[in-house]
Each structure stands twice: as C-alpha cells, then as structure tokens.
Amino acid sequence: MRATDVLQVGFAALSPSPTHSLAPVGSLRSLLLPVEAAAFRSLGAASRLTRQGGGTTLPGKLLWRADPGAISALARRFDQGVALVSATNGKTTTAAMATDILEELGGVLANPGGANLTSGVASSLLTRTAAPRAVLEVDEAALPAVAQATSPRAVCLGNLFRDQLDRYGELEHVAERWREVVSRSDATLVVNGDDPRLAALARNRAGSLLFGVDDTRHALAGLQHAVDSVYCTTCGTPYTYVAIYSGHLGDYRCGSCGEARPPLDVVARDIELHGLHGSTFSIGARDEEVRVTVSVPGLYNVYNAVAAAALALAMGAGLADVSAGLARFTAAWGRFERIPIGDRRALILLIKNPAGANEAVRTLVSGDAPRTAVIALNDEIADGRDVSWIWDVDFEPLAEHLDRLVATGSRAEELALRFALGGLARERIVVEHDLERAFDQGLALTPADGELVVLSTYTAMLELRSLAAERGGLPEYWEVSA
C-alpha cells in the first residue's frame, strides 16, 4: 500500500460510521491494542513521507477518536507512572529538564517536540518503549482530558499567566479547570508556591509538593506593568510582596486575612545568574541541599529547573539525580535554542505573552545586550489571533540597546509601531514580512562568530527551525519528536 493510501484510510477513521465502533472492549483490548498501535504509528510515518504534515500528531488524533480507551491502556504500561507538566510559560523546558533528571533512573517516554494537545500526547504514548515512566508536557486546556485518560502519578503546575485570551479566556477559567483536575485526581500535586492561584490548589491537600524561589537579591523593584493574580484568593484584598521575582510570582501576603505564600518544600536559593550562559544555584529539599548548574539563562529558567526537580522527586528521584540531570540539560526544542548558521549563530527565544516576553527581555539586557534583533510576530491560531499583548510587554529596556530591529511576521507593522512608540528611532526599524529574508538581513548585520537574537511567536519559531534544518543546522521537528 502506498503512503498516500495509508493516509486515506487514516483520515476515514476520523469519521467512523455511527453503526460501527472501532473501540475494542473487555479482554479483547490486550490482543488488539498492539495491532492498533502499529497501525496508527504507520499513519504517522506515511504522513511524514508524503510531507503532508501532522506526522507527530495524526496517529494520536486518529486513535483518540477511534478508541479513547486505548490511551488509558497505553498509559498503564509505565510501572513507575506517568507525570504531567502544564503551565502558561516554561512547560516544554520543565518537562525536558525532568526527563533528563529521571533518565538517571532508567528510560523515560517524553514528547519533546512540543505536541502537547490530546492528539500529541496520544501519539507519544503510541511510541514503542520499554521505559518505566513517562513525562508528558500538556497544554493548559488539554490537561483535564489528558489527566483523566492517563491517571498520572504526579501533576506539575508551573505557573498561570494571562495568555491567548481568544483561546483560553481569563485566568480564572483555566484555574477552575485545573481545580477540577486536582479534585478528581489522587496524583501527587507539584505546584509553584510563588503563584497564589496555584498555591491555593495545594491548600489542605496532603502530600503536595510546593516549589519556589527564595533569593531577594533577584527581586524586581516592583510589580511589572502586565501583572496577574495580585488579589488574595481568599478575601480579594491586594497582596503585599516581600519579594517579586517574575510577574505576580514571589513571596506574598494578604494584610487583611493573613493568607501568605506557604512554606516551600523544594526551593532555589543562592542564585548566581551568568548572563546568557546559564546560572548556578542551590536546590534545597528534604533537609538536604545540592548545588546545580544549568546552561540555560535567566531567573525564569531557575523556576523551570526547581519545578523539574520537585516533579522528579515526586517520581522517585533523589537530589543527586537532580544535580546530574540538570547539569546534562541543554535548551529545550525552540526555547532559548542556539542554531549554527555558517560562521554565525542564531539564538531563538519563544515569546507568546507579556510575562514570558518580559523575562526574555530581562535576560537579554542582563549581560551584553544585543545591538541587532529579529522579532517575528504571527497571529495564526497556534499563536493566538489577538496580538494586543505586545503593548503590555516592557520592550523599552531592549530598545535602548538596538541599532537595528528587523520586524517580521504577519503582524510586523504593529510590532514596528510598538517599538517606535516605545522610543526606538524609526530609521532603525526594518519591516520585512518574509521570515527568511528578515532572518538573512539579521544575519548580514551580525559579525562573524557573532550571535543573532531572534524573538518569535510559536508558528514563526517552527518556520525558522524548518529553515535552519534545510540549511543543515538542525533536525526536522519529527526527528526531534521521534
């Protein structure tokens, strides 16, 4: 059968006849599941061969529609359990860090390519593996369905920021869905105690692990322009902060009812940030402490690391495993990733909401701030149609250092206007919609052996990585995901 024929069979399975169910039941499942899995894996391979796209998610999409119960059966293969990771920002990096830590204990099934909707998670579970555990990144909105299907051993919730209002709605909508997940699951809950909404989920829940940061040297001077969750979850009074580390994350207290950041079970202290070259800090847990070094920069990656450490501890790792795994970790796919392009490098930073973009800017200007930057703003569905969030980002500290900004993507003009009104001289701004031409302009302005900084929304990042793959600098996305 040709690859295109296999695809046709697969697409037909998306609309099964109402009089015929593809779902095996009872004792037949153990016999039919390997056959199902092999068939749907073949569909993914065929999709990649024909370059029709969806190779990492098509098998799972078909399986989820044809036999949802098979997802639960596949998840039960992992005798050491399934861990789920969700957050507005940093879930890809946190999941990748936790995977590297848990590799010390044996194999780990993961979804490193970022396919984190139900279809992507299902496709990952279809992978042939003898790994004893799985660590799966999960989209915020998909978490309820995935948690119900996989019965996880641990669920890590990293943060909750305003993001893609056209898709997720306000924060309270996502928080309510996460509360339902927590109430229905007996998984170990691993949450960011520095995030008031998430800390509230762990209140009165035995066995929860709360992580966070405790180093006031790295606190912000005050709340940023775009900030969420600054009102007490109990009485609605504005919080006062001992320290603000990122957005609304920090050491908070309500002066009215006394609600405050709870004691942290896993904490990052004594943090030394090394500009764009990473950081060194201590992680304390279980009356022990270990010094760790990570190669990815910024305080937000310290948060990702301590979240990964807490999740790994919940899955059976020790602090020695944490130290070894984090030392081995390199950038997650498309997140602060360095790409070789001839005698230069491109540094890709994913931005998709005010909180994440502010942290990217904060990290960039903490060392040798770039003189040239390419910033790509798209408004595809995966990016979020509403790009008004760029007006809540504090781009000004970056603009102060730029000699040239190349604005690109489908909303390049609006991005250029944001920087112009933020103080960047208009003659320093180039608008180029075509990402490849914009990328080449940025490279031409970068000295030999230098590094071009590229900030991009999600779909632009995918296109940029594909471009780099064609030029020999990176594998294709399905090779990363395999």
Side-chain angles (χ1 to χ4, degrees), residues 89 161-166 220-228 246-247 276 298 300 336 344 346-380 382-447 450-464 467:
N89 294 327
F161 291 106
R162 176 163 47 95
D163 183 44
Q164 294 190 29
L165 294 178
D166 55 337
L220 297 168
L223 289 170
Q224 294 170 305
H225 171 62
V227 66
D228 311 299
S246 175
L276 296 181
Y300 63 109
F336 226 102
R344 295 166 173 80
L347 175 62
I348 300 179
L349 296 85
L350 177 69
I351 57 171
K352 63 192 187 78
N353 54 42
N358 278 336
E359 286 305 307
V361 169
R362 181 182 177 188
T363 300
L364 286 173
V365 301
S366 66
D368 294 328
R371 311 302 301 181
T372 300
V374 174
I375 305 184
L377 179 66
N378 281 354
D379 61 354
E380 301 298 326
D383 305 298
R385 297 294 194 186
D386 180 3
V387 299
S388 62
W389 59 269
I390 66 170
W391 297 94
D392 289 328
V393 178
D394 298 321
F395 281 123
E396 282 74 9
L398 175 62
E400 290 174 6
H401 297 276
L402 290 178
D403 293 327
R404 185 62 55 92
L405 166 68
V406 183
T408 186
S410 58
R411 301 296 289 272
E413 285 89 355
E414 187 162 356
L415 180 67
L417 179 61
R418 168 67 187 88
F419 271 83
L421 294 181
L424 185 60
R426 299 194 179 196
E427 62 270 18
R428 297 186 178 187
I429 302 172
V430 175
V431 174
E432 173 53 71
H433 287 101
D434 183 84
L435 182 61
E436 183 170 7
R437 287 197 294 267
F439 186 51
D440 286 337
Q441 285 188 45
L443 287 173
L445 293 167
T446 303
E451 187 166 79
L452 171 66
V453 168
V454 182
L455 298 161
S456 69
T457 53
Y458 185 73
T459 60
M461 181 269 290
L462 294 181
E463 185 179 345
L464 184 61
L467 173 63

>> Can you list everything that forms a side chain to side chain donor-acceptor pair (under 3.5 Å) with E380? Sequence neighbours excluded, please.
In response: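 E380 satisfies side chain to side chain donor-acceptor pair (under 3.5 Å) with no other residue.
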
> Measuring from L405:CG to I429:CD1, what's the distance to the nearest 0.5 Å?
Replying inline: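 Result: 6.0 Å between the selected atoms.
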
> Rounded to the nearest 0.5 Å, how far apart are NZ of K352 and OG of S456?
Replying inline: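 Here the rounded value is 12.5 Å.
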
>> To the closest 0.5 Å, what do you measure between CG (L364) and CG (L349)?
In response: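 Spacing of CG (L364) from CG (L349) equals 5.5 Å.
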
>> To check you understand the geometry: which heavy-atom pair defines the closest contact between A460 and L435, and what is its length?
In response: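 Heavy atoms only, the tightest pair is O-CD2, 3.5 Å.
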
> Do you know the tightest heavy-atom contact between F161 and G247?
Replying inline: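 In this case the closest contact between F161 and G247 is CE2-CA, 4.2 Å.
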
> Among pairs that include at least one residue of residues 366-377, which meet side chain to side chain donor-acceptor pair (under 3.5 Å), considering only residues two or more places apart or in two chains?
Replying inline: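 As it turns out, the side chain to side chain donor-acceptor pair (under 3.5 Å) pairs with a partner in residues 366-377, which skip direct neighbours, are R371-D403.
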
>> Closer than 3.5 angstrom, by distance alone: can the side chain of T457 be matched with the main-chain N or O of N378 as a donor-acceptor pair?
In response: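 Yes; at least one donor-acceptor contact below 3.5 Å.
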
> Is any side-chain heavy atom of I348 less than 4.5 Å from a side-chain heavy atom of L464?
Replying inline: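 Yes, side chains in contact.
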
>> Under the criterion side chain to side chain contact (heavy atoms under 4.5 Å, CB included), I'd like the reasoning laid out for V387 against L377: C-alpha separation, chi angles, the key distance, then a yes or no.
In response: CA-CA 8 Å; V387 299; L377 179 66; 4.1 Å; yes

> With no hydrogens and no angle check, is any side-chain donor or acceptor of R411 less than 3.5 Å from a backbone partner on D386?
Replying inline: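 Side chain of R411 to backbone of D386: no pair is present.
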
>> Checking L443 now: which residues fulfil side-chain contact (heavy atoms from CB on, under 4.5 Å) with it, not counting sequence neighbours?
In response: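 Counting only residues at least two positions away or on another chain, L443 forms a side-chain contact (heavy atoms from CB on, under 4.5 Å) with I341, R344, F439, D440, L452, R471.
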
>> Do D383 and T459 pair up side chain to side chain, a donor and an acceptor below 3.5 Å, judged on atom types alone?
In response: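 Yes.
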
> salt bridge (Lys or Arg N to Asp or Glu O under 4.0 Å) with E432: which residues, sequence neighbours excluded?
Replying inline: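 So E432 forms a salt bridge (Lys or Arg N to Asp or Glu O under 4.0 Å) with R437.
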
>> Using 0.5 Å steps for rounding, measure from the CD atom of E414 to the OG atom of S388.
In response: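 Output value for this atom pair is 8.0 Å.
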
> Do R404 side-chain atoms and A373 backbone N/O form a donor-acceptor pair below 3.5 Å?
Replying inline: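 Between the backbone of A373 and the side chain of R404 there is no qualifying donor-acceptor contact (under 3.5 Å).
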
>> Please give me the minimum heavy-atom distance between L415 and A407, naming the atom from each residue.
In response: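 Heavy atoms only, the tightest pair is CD2-CB, 4.0 Å.
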
> Should I375 and T408 be marked as a side chain to side chain contact (heavy atoms under 4.5 Å, CB included) after you check the CA-CA gap, both sets of side-chain angles, and the distance that decides it?
Replying inline: CA-CA 6 Å; I375 305 184; T408 186; over 6 Å; no

> So, does T446 use its side chain to make a donor-acceptor pair with the main chain of E451 at under 3.5 Å?
Replying inline: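 No: the side chain of T446 does not pair with the backbone of E451.
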
> Just how far is it from atom CG of L398 to atom OG1 of T363, taken to the nearest 0.5 Å?
Replying inline: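 One finds 11.5 Å between CG of L398 and OG1 of T363.
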
>> For the backbone of D394 and the side chain of N358, can you confirm whether one donor and one acceptor N or O come within less than 3.5 Å of each other?
In response: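 Yes.
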
>> I'd like to check the side chain to side chain donor-acceptor pair (under 3.5 Å) partners of S246; sequence neighbours left out, ordered by chain and number.
In response: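 Result, side chain to side chain donor-acceptor pair (under 3.5 Å) vs S246: E359.
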
> Are side-chain heavy atoms of F336 and L350 found at a separation under 4.5 Å?
Replying inline: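 The answer is no; the side chains never approach within 4.5 Å.
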
> Which atom names give the shortest non-hydrogen contact between A360 and I351, and what distance separates them?
Replying inline: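 Shortest heavy-atom contact: CB-CG2, 4.1 Å.
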
>> I need the full list of ring-ring contact (aromatic ring centres under 6.0 Å, His included) pairs touching residues 413-434, with sequence neighbours left out, sorted by first then second residue.
In response: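 ring-ring contact (aromatic ring centres under 6.0 Å, His included) check on residues 413-434 returns F395-F419.
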
> Run the salt bridge (charged side-chain N to carboxylate O under 4.0 Å, His left out) check on R418 and E413 step by step: do they pass?
Replying inline: CA-CA 9 Å; R418 168 67 187 88; E413 285 89 355; over 6 Å; no

> Which atoms form the tightest heavy-atom contact between A416 and V431, and what is the distance?
Replying inline: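 Residues A416 and V431, closest heavy atoms: CB-CG2, 3.7 Å.
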
> How far apart are the closest heavy atoms of A438 and V374, and which atoms are they?
Replying inline: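 Scanning both residues completely, I find the closest heavy atoms to be O-CG2, 3.8 Å.
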
